[in-house]
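All remarks here apply to the structure that follows.
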Amino acid sequence: MKKRHYFLVAFLWLGLSKFALAQVTPPPPPPPKPVPPIVVTFTETKAQPVGGFNNFYRFIHQNLRYPDLAYNQGIEGRVYVKFVVEKDGSLSQFEVVKGLSSGCNEEAVRVLRTSPRWTPGTQAGRKIRSKFVIPVRFDIRR
């Protein structure tokens with residue numbers, strides 16, 4: 001009788017374990033990570049400001065406000081700002097590569113944010129996103 005009892009318990013255990021395994025479904029795979037758009041440094045046709053670089057630097061010169069703290073401390077020099085020219089010509093992703101202190105970095109980024117649209121760079125006849133670095137000069141004598 002005991003053998004039969006063990007056999008019945010083993011049979012039920014195996015049957016229930018299969019039933020329990022059948023009810024468990026593996027979790028769904030994670031969604032694919034979005035691929036960020038490519039940003040190119042060197043293009044066939046470089047991005048450039050509408051109206052040319054002379055007009056662009058004239059715009060910067062006219063709209064740049066020298067920070068009071070930097071002016072009082074006599075700080076001069078250049079702030080190099082890296083940014084991305086988007087496919088529509090807008091500027092984004094501003095980053096100070098080499099800067100000054102006392103508010104000059106923030107002022108350089110502010111002026112570039114307000115600048116007019118650019119003509120985007122092209123690669124194989126298509127508009128693309130491209131990186132650019134611009135020096136913004138702070139000179140007290142201006």
Side-chain angles (χ1 to χ4, degrees), residues 3-142:
K3 281 187 178 182
R4 201 169 168 195
H5 194 330
Y6 286 126
F7 178 72
L8 184 59
V9 169
F11 180 73
L12 286 175
W13 181 75
L14 285 173
L16 289 177
S17 65
K18 274 191 170 184
F19 179 73
L21 288 177
Q23 297 300 320
V24 176
T25 58
K33 293 181 182 177
V35 178
I38 297 172
V39 179
V40 179
T41 304
F42 298 104
T43 60
E44 289 175 359
T45 306
K46 288 187 82 157
Q48 61 181 354
V50 174
F53 281 98
N54 287 338
N55 287 338
F56 180 70
Y57 281 115
R58 187 174 302 122
F59 168 83
I60 289 175
H61 179 71
Q62 290 172 349
N63 292 290
L64 188 70
R65 288 183 248 143
Y66 216 107
D68 291 333
L69 185 59
Y71 184 82
N72 292 337
Q73 292 178 352
I75 295 175
E76 295 181 326
R78 289 187 176 97
V79 175
Y80 292 89
V81 181
K82 178 170 65 172
F83 56 89
V84 174
V85 179
E86 299 291 339
K87 292 179 182 180
D88 65 353
S90 62
L91 307 182
S92 66
Q93 299 180 12
F94 297 94
E95 178 186 341
V96 175
V97 178
K98 181 180 177 189
L100 301 171
S101 59
S102 306
C104 293
N105 299 345
E106 294 80 10
E107 179 61 16
V109 170
R110 184 198 67 80
V111 169
L112 288 175
R113 281 189 197 280
T114 63
S115 71
R117 291 188 182 269
W118 285 40
T119 303
T122 59
Q123 190 81 18
R126 294 184 1 219
K127 294 178 181 178
I128 59 166
R129 301 173 73 219
S130 56
K131 292 180 186 176
F132 224 90
V133 178
I134 290 288
V136 178
R137 192 176 85 200
F138 286 87
D139 187 7
I140 292 178
R141 294 178 295 254
R142 282 198 287 163

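Numbering starts at 1 and runs along the sequence shown. Just so you know, these numbers use all the heavy atoms, side chains as well, and skip hydrogens, waters and symmetry mates.
The nearest pair of heavy atoms linking Arg137 to Leu64 is O-CD2, 3.6 Å. Across every non-hydrogen atom of Val111 and Phe59, the tightest pair is O-CE2, 3.8 Å. Residues Val85 and Pro120 approach most closely at CG1-CA, 4.1 Å, considering heavy atoms. Nearest approach of Val81 to Ala108, heavy atoms of both residues: CG2-CB, 4.1 Å. Closest approach of Glu107 to Asn63, counting heavy atoms only: OE2-O, 4.0 Å. Heavy atoms only, all atoms of each residue included: Lys127 and Lys87 are closest at CD-O, 3.7 Å.
Atom OG in Ser92 sits 9.0 Å away from atom CZ in Arg113 (nearest 0.5 Å). One distance of note links CD1 of Ile140 with CD1 of Ile75; it measures 8.5 Å at 0.5 Å rounding.
With a 6.0 Å radius and a threshold of 12 heavy atoms from other residues, nucleotides or ligands, Asp68 has its CG atom at or below the threshold. Residue-environment remark: OH (Tyr71) stays at or below the threshold of 12 foreign heavy atoms within 6.0 Å.
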Might you work through the side-chain contact (heavy atoms from CB on, under 4.5 Å) test for Val79 and Phe138, ending with a clear yes or no?
CA-CA 8 Å; Val79 175; Phe138 286 87; 3.7 Å; yes

Working for side-chain contact (heavy atoms from CB on, under 4.5 Å), residues Arg65 and Arg110
CA-CA 10 Å; Arg65 288 183 248 143; Arg110 184 198 67 80; 3.2 Å; yes

Run Phe83 and Val109 through side-chain contact (heavy atoms from CB on, under 4.5 Å) and show every step you take.
CA-CA 9 Å; Phe83 56 89; Val109 170; over 6 Å; no

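With sequence neighbours excluded, no residue satisfies side chain to side chain contact (heavy atoms under 4.5 Å, CB included) with Glu106.
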For residues 44-56, which side-chain N or O atoms pair as donor and acceptor with protein atoms under 3.5 Å away, sequence neighbours left out?
unit_1	atom_1	unit_2	atom_2	d
Glu44	OE1	Ala124	N	3.1
Thr45	OG1	Thr122	OG1	3.0
Asn55	OD1	Arg58	NH1	2.6
Asn55	ND2	Gly51	O	2.9

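No side-chain donor-acceptor contact under 3.5 Å links Glu95 to the backbone of Lys82.
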